[in-house]
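Here's the structure we're looking at; comments come further down.
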Amino acid sequence: MQFGIGVSALTTSQRAMDVIGNNIANANTPGYHRQVVQLSSVAPQRLDNLSIGRGVEVAGIQRLINEHIEETQIRQTAATGTSESQLSVATQLESRLSNEKASPGARLETLFNRLEGLSSQLNSSAERKLTVASADQVAREFNSSATDLLHLRDDLDQSIGALVTEINPLTRQIAQLNAEIARQSTLGSAPNDLMDQRSQAVQQLSQKIGVEVLSGNQGQLTLMSGGAALVVGGRALSLEVARNADGEVGIRAAGTSTDLPVAGGQLGGYLIARSETMPRYIARIDDLARAVAKAFNSVQTTGVGVAGAFTTLTSQQAVRDVTQTLTSAGLPSPPTAGTVIVAVTNTATGERTLTTINVDPTQQSLNDIGNAFGTIPNLTAFVNSQSGTLSLMSAPGFKFDFRGDGTTSSDSAGLLGALGLNSFFTGGDAATLKVSSDLLSNADRLATSSSGQPGDSGNLQRLVALRDAPLMPNGTTLSGDFLQTIADVGADVQGLTEQFDTNQLLLDRLEQQRQSLSGVDTNEEMVNLLKFQRMFQIASRYINVLNTTYDDLLSIR
Amino acid sequence: MRVTTEMQFQGLLRNTQKTLAGMAKLQDQLASGLRLQRPSDGPAETVRVLKNRQDDARLTTHLATIRDASVALDASTAAITDVKNVLTHAKDIALQAANSAASDPASDQALAQEIDGALSTLLQIGNRKLSDGRSLFAGTATETTPFVVAATDSAGRPTQINYQGSDASSQVLIGPGQTLNTLIPGHVFELPQTGNSSDPKDAFQVLMNLRDDIRNTRGLSSTDRNAALTKHIDELDRATTSALDTLGTQGVQAELLTQWRDRITDVQLSLQKQNVELESVDVAAAITSLTQNQNLYKIGLSLIQQINSLNLSDFLQ
């Protein structure tokens with residue numbers, strides 16, 4: 001009879017109840033893996049020919065974990081983070097672009113309605129002013145959209161910066177845990193709780209940045225992301241946000257100059273949105289703004305308003321250098337090779353003289369164009385090298401216009417629109433689009449007439465025809481292109497929502513699988529507790545029986 | 001599969017959250033009456049709705065243009081009717097002059113003065129303007145007074161009236177690629193030419209010639225004067241026929257405008273109906289779904305309560 005057997009049972013049941021208590025205490029701790037005591041019988045002793053057991057001992061405390069599920073969960077968390085951040089950006093894009101009343105597309109439609117309505121009120125100064133004001137609204141809406149998208153991009157940059165700020169402490173924490181786990185493993189103990197803390201930190205990290213987990217010596221983990229080792233043993237790589245020469249945001253290891261190809265997690269999603277989604281939509285708005293300017297300018301420049309022909313006119317679109325060729329002088333929409341027909345009219349006799357100027361933007365500078373205009377009788381051209389503009393002035397008793405002979409295009413080169421001579425819009429993208437200041441200050445310059453007569457709606461009809469013309473590269477109309485942008489952003493949000501929901505569902509399933517093995521069931525723990533309580537009670541009873549037996553033995557006289 | 005209470009709670013929470021999100025969406029739809037609240041609710045349908053609204057607004061613009069065009073068309077129709085009446089009256093005077101047995105200077109003077117009055121009226125009609133100041137018969141030169149007296153006789157009577165409007169009609173846009181001539185040029189006063197070089201240019205010239213021949217300023221014999229008056233009556237008939245032709249054309253255009261307006265109204269109704277079908281919420285279906293979701297939500301909450309109440313510790317002494 002050995003008290004040791006009873007004591008071992010008492011000790012073991014106490015340890016087991018400690019583990020159960022710890023499980024119950026951590027039942028709601030995120031990332032906790034339930035632990036179970038591993039019982040083992042103590043090696044028996046031999047007495048005579050008998051092998052008699054010596055009780056029970058705790059061989060170890062096992063942390064219940066399925067490494068495969070955990071690794072899959074880390075990857076799935078990263079994928080969910082990616083779709084979550086992409087969805088967040090797309091949703092913001094959707095709300096900024098889809099305002100039905102205040103969007104470039106809606107304003108463009110209002111402008112076209114104004115232009116169509118103007119045909120029956122050509123002599124109305126008020127209607128012309130309202131039409132020009134409507135055009136101004138179009139330009140402002142483009143500016144506003146461009147600003148909105150740039151703000152969204154800046155917000156995105158801040159989110160990227162904030163994520164990196166959150167990632168660095170996490171990688172440091174994982175590195176510290178790695179070191180401590182290795183130390184304790186070396187001492188022979190199983191640092192289960194530290195491993196849980198590290199698993200939880202890795203899960204959190206994988207939501208922010210996609211990581212690949214590699215197992216190392218002494219229970220240490222190596223975390224790789226974008227080909228770089230974020231954590232190796234007790235060392236963590238510190239990340240920082242950097243901008244390249246083009247203003248693009250990249251992620252680098254602190255102190256290096258090469259962007260890491262980060263993919264996955266919220267950071268990966270934001271970087272995709274920053275480098276692909278945002279530029280795509282910014283480019284679409286810019287392309288539309290350029291197409292609007294080009295189309296309206298091509299009609300406006302070759303017509304004439306009720307204000308009639310010009311005596312002076314100064315270009316609104318400046319060149320960087322008046323001596324450089326027009327293709328390289330910084331014009332938003334440079335002209336192409338072609339001709340411009342300039343008409344100079346004697347106001348006394350009505351005699352109209354047409355002169356054709358050849359334009360080759362690869363060879364001619366603004367100075368050359370000014371010289372060509374200067375050769376036209378009764379017309380003076382002046383190039384201002386400071387402001388980069390061209391001014392035209394007719395001789396007294398003469399006026400000039402660009403409406404040509406009415407049979408051929410009077411500006412096949414697109415020179416007038418490129419320089420902003422009698423143009424509708426100036427600027428080269430959504431942020432810089434403006435209604436020509438000449439038109440804003442004098443709505444009578446709105447070129448509704450092809451012949452110069454105030455009741456002639458010929459040029460107005462050309463302006464209105466732009467509405468149904470397939471002017472965009474994919475064959476859609478100007479307004480149709482904006483509608484397509486709305487449809488695309490809506491489809492993006494729809495697709496990303498489905499993707500996020502699917503990823504979330506998969507993640508939930510994986511969490512269920514993880515919980516199935518590693519989760520704490522309080523009822524199960526309670527049953528185990530009762531079991532070990534009973535074990536403790538029986539062991540106590542056993543010791544009591546032994547004690548009584550010895551007492552009986554000792555009481556023999 | 002081993003199931004823990006934590007798993008049960010998480011599963012129930014996830015599902016009740018989904019149900020709650022569905023309820024919130026249905027409530028939004030019912031409160032606004034709209035099924036499509038953002039493009040992602042149905043990208044293609046949203047674009048269709050927006051396009052329909054754009055088309056509807058465009059058609060409203062066309063209706064306003066048609067109203068304006070109708071005003072101009074009505075004004076020119078009234079003016080041409082007046083032209084016809086003036087010419088008819090002038091013909092009556094010419095017949096009276098031609099039928100009188102002998103030339104009576106006093107009577108001829110009175111008839112000639114009446115023709116002068118008719119000429120003056122015709123000139124006023126020719127230079128008539130719309131209420132916004134645009135000339136009715138100057139074509140695209142809407143701010144020009146189309147007919148001006150270029151020369152007068154010693155008594156100040158017009159002897160030459162020139163047209164200084166344009167040759168092209170002013171057009172309004174009543175639909176995509178659809179234009180309507182509203183302000184026509186002064187050619188409506190011109191006489192259809194027979195090829196005879198002595199044909200007068202326009203109705204003004206006919207009246208001036210008639211007036212002069214009634215006064216017999218050329219000193220024609222009675223026979224020649226009667227022949228001249230007969231020729232002028234024929235010219236007045238041709239001018240009247242020309243005015244009636246123009247009236248007919250104007251009438252056809254007015255009819256077209258009416259048809260076009262009716263068609264636009266029909267299309268607008270169709271677009272609005274389409275949009276109602278596309279974007280409006282199906283109230284019955286939405287309320288049914290909402291009720292289903294509410295029941296699911298209640299069941300979910302009840303299950304959470306049940307799971308919470310079922311624990312081994314409750315059964316232990």
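Any value given below was found using the heavy atoms of this structure, including those in side chains, with hydrogens, waters and symmetry copies removed. Just so it is clear: chains get the letters A, B, ... in the order the sequence lines come, proteins before strands, and each one is counted from 1.
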Ignoring hydrogens and geometry beyond distance, is a side-chain donor-acceptor pair present between [X] and [Y] at under 3.5 Å?
{"X": "B/Glu6", "Y": "A/Gln515", "answer": "no"}
{"X": "B/Thr140", "Y": "A/Asp456", "answer": "no"}
{"X": "B/Gln171", "Y": "A/Ser119", "answer": "no"}

Fill in: Short N-O contact, A/Glu109 and B/Arg58, less than 4.0 angstrom
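Answer for the salt bridge query: no.
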Fill in: Salt-bridge present (A/Glu524, B/Arg2; N to O < 4.0 Å)
yes
Heavy-atom proximity to chain B below 4.5 Å, by part of [X]:
{"X": "A/Gln504", "result": "neither"}
{"X": "A/Asp468", "result": "side chain"}
{"X": "A/Glu94", "result": "side chain"}
{"X": "A/Leu517", "result": "backbone"}
{"X": "A/Ala465", "result": "neither"}
{"X": "A/Leu505", "result": "side chain"}

Kindly indicate whether the side chain of [X], heavy atoms from C-beta on, has any atom under 4.5 Å from the side chain of [Y].
{"X": "B/Arg38", "Y": "A/Ser95", "result": "no"}
{"X": "B/Lys51", "Y": "A/Leu483", "result": "yes"}
{"X": "B/Val47", "Y": "A/Gln484", "result": "no"}

Worksheet item: Do you know which two heavy atoms are closest between A/Gly490 and B/Pro43, and how far apart they sit?
Response: C-CG, 3.6 Å
Fill in: Portion of B/Ala141 that has a non-hydrogen atom of chain A nearer than 4.5 angstrom
both
Nearest 0.5 Å, what's the [atom1]-[atom2] distance between [X] and [Y]?
{"X": "B/Asp41", "Y": "A/Gln494", "atom1": "CG", "atom2": "CD", "answer": "8.5 Å"}
{"X": "A/Asp521", "Y": "B/Thr4", "atom1": "CG", "atom2": "OG1", "answer": "6.0 Å"}
{"X": "B/Leu173", "Y": "A/Ser457", "atom1": "CG", "atom2": "OG", "answer": "6.0 Å"}

Fill in: Whether B/Asp68 side chain and A/Ser120 backbone form a donor-acceptor pair below 3.5 Å
no
Worksheet entry | N/O donor-acceptor pair under 3.5 Å between B/Ser170 side chain and A/Gly455 backbone |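 Judged by distance alone, yes, a pair lies under 3.5 Å.
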Discussion item. Looking at chain B, which one of A/Gly117, A/Ala491, A/Pro454, A/Ala27 has the largest number of heavy-atom pairs inside 4.5 Å, strictly under?
Written reply: A/Pro454
